[in-house]
Amino acid sequence: MNDARTTSPLHRPDGEPVRVLVVDDEPDVTDVLAEVLTGEGWQVRTAADGTTALATARAFRPDAVVLDWMLPDQDGLQVLHALRREAPQVCVLFLTARDAVEDRVAGITAGGDDYVTKPYSLEEVLARLRGLLRRAGMAADPGVDQLSVGDLSMDEEAREVRRGGAVVDLSRTEFELLRYLMRNPRRVLSKQQILDRVWAYDFGGRAHIVELYISYLRKKIDAGRTPMIHTVRGVGYVLKPESP
């Protein structure tokens with residue numbers, strides 16, 4: 001079976017689960033991220049302000065911190081400076097509603113490793129964290145950084161998709177949708193599951209957007225080939241290679 005790596009979670013080099021601290025003053029954000037990251041098999045702690053975040057980091061010793069830029073007691077840059085003094089190796093992923101170029105530069109210059117602009121998809125946050133942890137050598141992942149299901153392959157770092165060796169051009173949303181399907185091959189995913197993971201965490205859209213993007217993917221992935229994206233009527237969608 002030539003399927004994507006979905007059953008072996010990212011883990012620390014010593015074999016222990018990855019540790020992630022999520023810092024945001026919006027409970028809905030921390031709850032959703034904590035649930036998703038815990039589902040990856042990682043250990044997760046949360047904090048709603050900078051003071052609590054720093055105290056938690058000292059006790060928990062996270063491998064990565066998902067850090068909101070705007071906090072009630074101090075801004076994310078101040079927290080980042082304090083984190084770097086005590087744990088210079090920790091990976092920091094900023095969450096920010098500020099997408100101006102100068103804000104991005106400020107965050108990276110201050111020592112942030114990467115950032116995601118709100119609203120964001122949970123798949124994007126997960127992908128950024130996996131990449132940061134692997135590149136920093138703070139987590140080990142069996143296999144290479146490429147997903148494959150049948151003759152469909154995805155290089156997550158290069159954001160390149162191929163089927164049967166031919167490059168498939170995808171939009172950002174199509175790419176995130178396919179990534180989620182490829183990380184869960186042969187598993188039937190409901191429209192709501194897909195909506196929750198691929199679209200922004202606070203996206204107010206309806207399930208019909210999933211149907212629309214599934215149709216876009218089919219035209220690019222399955223056109224003129226044996227279909228890999230299947231509809232399970234009344235349940236959802238599943239990606240699986242053609243039977244031998």
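Numbers here are sequence positions counted from 1.
- For the residue pair S121/R172, the side-chain donor-acceptor check at 3.5 Å is not satisfied.
- We find the CD1-CD distance between I221 and E174 to be 8.5 Å, quoted to the nearest 0.5 Å.
- Here the CG atom belonging to L217 is positioned 4.5 Å from the CD1 atom belonging to I229, to the nearest 0.5 angstrom.
- Considering every non-hydrogen atom in both V90 and P62, the closest pair reads CG2-O, 3.5 Å.
- Every residue meeting the salt bridge (charged side-chain N to carboxylate O under 4.0 Å, His left out) condition with K191, not counting sequence neighbours, appears here in chain and number order: E211.
- Atoms CG and CG, from D75 and L80 in turn, are 9.5 Å apart once rounded to the nearest 0.5 Å.
- Annotation: ring pair (Phe, Tyr, Trp, His ring centres under 6.0 Å) contacts of Y213 (sequence neighbours excluded): W199, Y216.
- Here CZ of R45 is found 9.5 Å from CG of L21. Values are rounded to the nearest 0.5 Å.
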Practice task
Please assess Q78 against L71 for the test side-chain contact (heavy atoms from CB on, under 4.5 Å), listing each intermediate value before the final yes or no.
Solution key: CA-CA 10 Å; Q78 292 174 296; L71 296 170; over 6 Å; no
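- Annotation for K220: atom NZ counts as buried by contact number, over 12 foreign heavy atoms lying within 6.0 Å.
- Using a 4.0 Å cut-off between a side-chain N of Lys or Arg and a carboxylate O of Asp or Glu, R130 and E40 qualify as a salt bridge.
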Practice task
Check step by step if salt bridge (charged side-chain N to carboxylate O under 4.0 Å, His left out) holds for E176 and R159.
Solution key: CA-CA 10 Å; E176 296 300 338; R159 295 187 73 84; 3.6 Å; yes
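- D49 is linked by a side chain to side chain donor-acceptor pair (under 3.5 Å) to T52, counting only residues two or more places apart in sequence or in another chain.
- E86 meets the side chain to side chain donor-acceptor pair (under 3.5 Å) test with R58; sequence neighbours excluded.
- Judged as a side chain to side chain donor-acceptor pair (under 3.5 Å), and not counting sequence neighbours, the contacts of E160 are R162.
- Rounded to the nearest 0.5 angstrom, H230 NE2 and R218 CZ are separated by 8.5 Å.
- Within the 4.5 Å cutoff, the side chain of Q193 has no heavy atoms near those of the R197 side chain.
- Rounded to the nearest 0.5 angstrom, R179 CZ and L126 CG are separated by 9.0 Å.
- You'll find the side chain of T231 stays beyond 4.5 Å of the side chain of I214, heavy atoms only.
- Residues V188 and V198 fall into different hydrophobic clusters, defined by Ile, Leu, Val, Met, Phe, Trp and Tyr side chains chained together at heavy-atom separations under 4.5 Å.
- Here R19 pairs with nothing under the salt bridge (charged side-chain N to carboxylate O under 4.0 Å, His left out) rule; sequence neighbours left out.
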